[in-house]
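See structure below.
Note on naming: letters A, B, ... go to the chains in the order of the sequence lines (proteins, then strands), and numbering restarts at 1 for each one. Keep in mind that this is a model prediction, so the values were computed, not measured.
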2 protein chains.
Amino acid sequence: MDLDIVEISKVLSNQARVDILTWLKDPEKHFPPHRELGHFNDGVCVDHIRRKAGLSQSTISHYLNMMYKAGLIAPTRYGKWTYFKRNEETIQQYREEINNI
Amino acid sequence: MDLDIVEISKVLSNQARVDILTWLKDPEKHFPPHRELGHFNDGVCVDHIRRKAGLSQSTISHYLNMMYKAGLIAPTRYGKWTYFKRNEETIQQYREEINNI
DNA sequence: TCAACATATCGATATATTTCGATATATAAT
DNA sequence: ATTATATATCGAAATATATCGATATGTTGA
């Protein structure tokens, strides 16, 4: 699992994606509760992220997918909802790479 | 001095620029000595970086300029040579920002 | 002053990213 | 079955980035 620092840096080259990543750090603070789920254990649903970011649904879906492919977030599907939460392991690995840069 | 995390991430979104930054960490290891200057106290001249990276002179100049504008490196001019060295302060600030992400 | 050299800037083209609306897919509710 | 809802994918246009060769600028040395 060698981290691709360039790929992760591309994710972080966009303010909306940086915002999403930091919002997901503390969902209670940044998002309304999920109606169907009483918690944020698996992260936040795409629609909440879309509303908060103010971007189109397709753009958000695309951003989340690239963040997922870079290993920064992980999806969980419950019925028709997809929840995304941070993948702290990759984030920590990126921190360590940056510490060596 | 609020660090622009997006701007710095853009710099790091390219392998050649990441390489340059890491090479500059240990010039003795990565570059031949300067003919006119017996040291790397002010960093490494553009032409050495160009040779090592294998990119055109204009591309290297452009990269170094964007790295400079992001605050990651600092130039020193001696005669016709420009030497670039790392700006550890900004690099450290970026590390700290990433630690909070 | 002039030629040679190091670097910066300009202009151009190819590729990548951003962002959207439209459409497809999957699930849930009626 | 049909409709409504959530998300994903597709196709496209606008903008940005990558990268080069050519040219300009500044400096040194003959």
Choose from D:dA6, C:dC5, D:dT9 the nucleotide whose nearest atom is closest to any side-chain atom of A:Lys80. D:dA6
Figure out the CH2/P separation between A:Trp81 and D:dA8, and round it to whole Å. 14 Å
Between C:dA6 atom P and B:Arg77 atom CZ, what is the distance in whole Å? 12 Å
Test item: side-chain donor near acceptor, B:Ser61 and B:Ser58, under 3.5 Å: no
Rounded to whole Å, how long is the line connecting atom CE of A:Met66 with atom P of D:dA8? 15 Å
List in chain and number order the residues that pass side chain to side chain contact (heavy atoms under 4.5 Å, CB included) with A:Asn41, two or more places apart in sequence or in another chain; answer none if no residue qualifies. A:His39
Whole-Å distance, A:Glu7 CD to C:dT17 C1', equals 14 Å
Nucleotide C:dT7, atom P - distance to OH of B:Tyr83 in whole Å: 8 Å
According to side chain to side chain contact (heavy atoms under 4.5 Å, CB included), who are the partners of B:Lys10, at least two apart in sequence or on a separate chain? A:Ser13, B:Val6
To the nearest angstrom, the CZ-P distance between B:Phe84 and C:dA6 comes to 16 Å
A:Leu64 has an atom CG; how far is it from atom P of C:dT18, in whole Å? 14 Å
Tightest non-hydrogen contact, residues B:Leu21 and B:Arg86, listed as O-NH1, 2.9 Å
Would a distance-only check, ignoring hydrogens and angles, find a side-chain to backbone donor-acceptor pair under 3.5 Å from A:Arg77 to A:Gly79? yes
Any donor-acceptor N or O pair under 3.5 Å, side chains B:Gln92, B:Glu96: yes
Please write out each protein N/O paired with an N/O of nucleotides 20-22 of chain C under 3.5 Å, distance rounded to 0.1 Å.
{"unit_1": "C:dC20", "atom_1": "OP2", "unit_2": "A:Ser56", "atom_2": "N", "d": "3.0"}
{"unit_1": "C:dC20", "atom_1": "OP2", "unit_2": "A:Ser56", "atom_2": "OG", "d": "3.1"}
{"unit_1": "C:dC20", "atom_1": "OP2", "unit_2": "A:Thr59", "atom_2": "OG1", "d": "2.8"}
{"unit_1": "C:dG21", "atom_1": "N7", "unit_2": "A:Ser58", "atom_2": "OG", "d": "3.3"}
{"unit_1": "C:dG21", "atom_1": "O6", "unit_2": "A:Ser58", "atom_2": "OG", "d": "2.9"}

Identify the heavy atoms of B:Leu55 and B:Ala16 that sit nearest to each other, and give their distance. CD1-CB, 3.9 Å
Which residue lies more 5' along DNA chain C, comparing A:Asn14 with B:Ser61 via nearest heavy atoms: B:Ser61
Close approaches to DNA chain D from residues 16-39 of chain A, in residue order (heavy atom, under 4.0 Å): A:Arg35
Residue pairs passing the ring-ring contact (aromatic ring centres under 6.0 Å, His included) test with at least one member in residues 59-80 of chain B, sequence neighbours excluded, are B:Tyr78-B:Tyr83
Could you state the NZ-P distance from B:Lys10 to D:dT17, rounded to the nearest angstrom? 5 Å
Does anything in residues 42-50 of chain A reach DNA chain D, meaning a heavy atom under 4.0 Å, and if so which residues? A:Cys45, A:Val46, A:Asp47
If only side-chain N and O atoms of B:Asn65 are considered, is one of them under 4.0 Å from the OP1 or OP2 phosphate oxygen of C:dT7? no
Can a donor-acceptor pair be found, under 3.5 Å and without considering hydrogens, that links the side chain of B:Asp42 to the backbone of B:Thr76? no
Between B:Ile5 and B:Ile101, is there a side-chain heavy-atom distance shorter than 4.5 Å? yes
Strictly under 6.0 Å, is that where the ring centroids of A:His48 and A:His30 end up? no
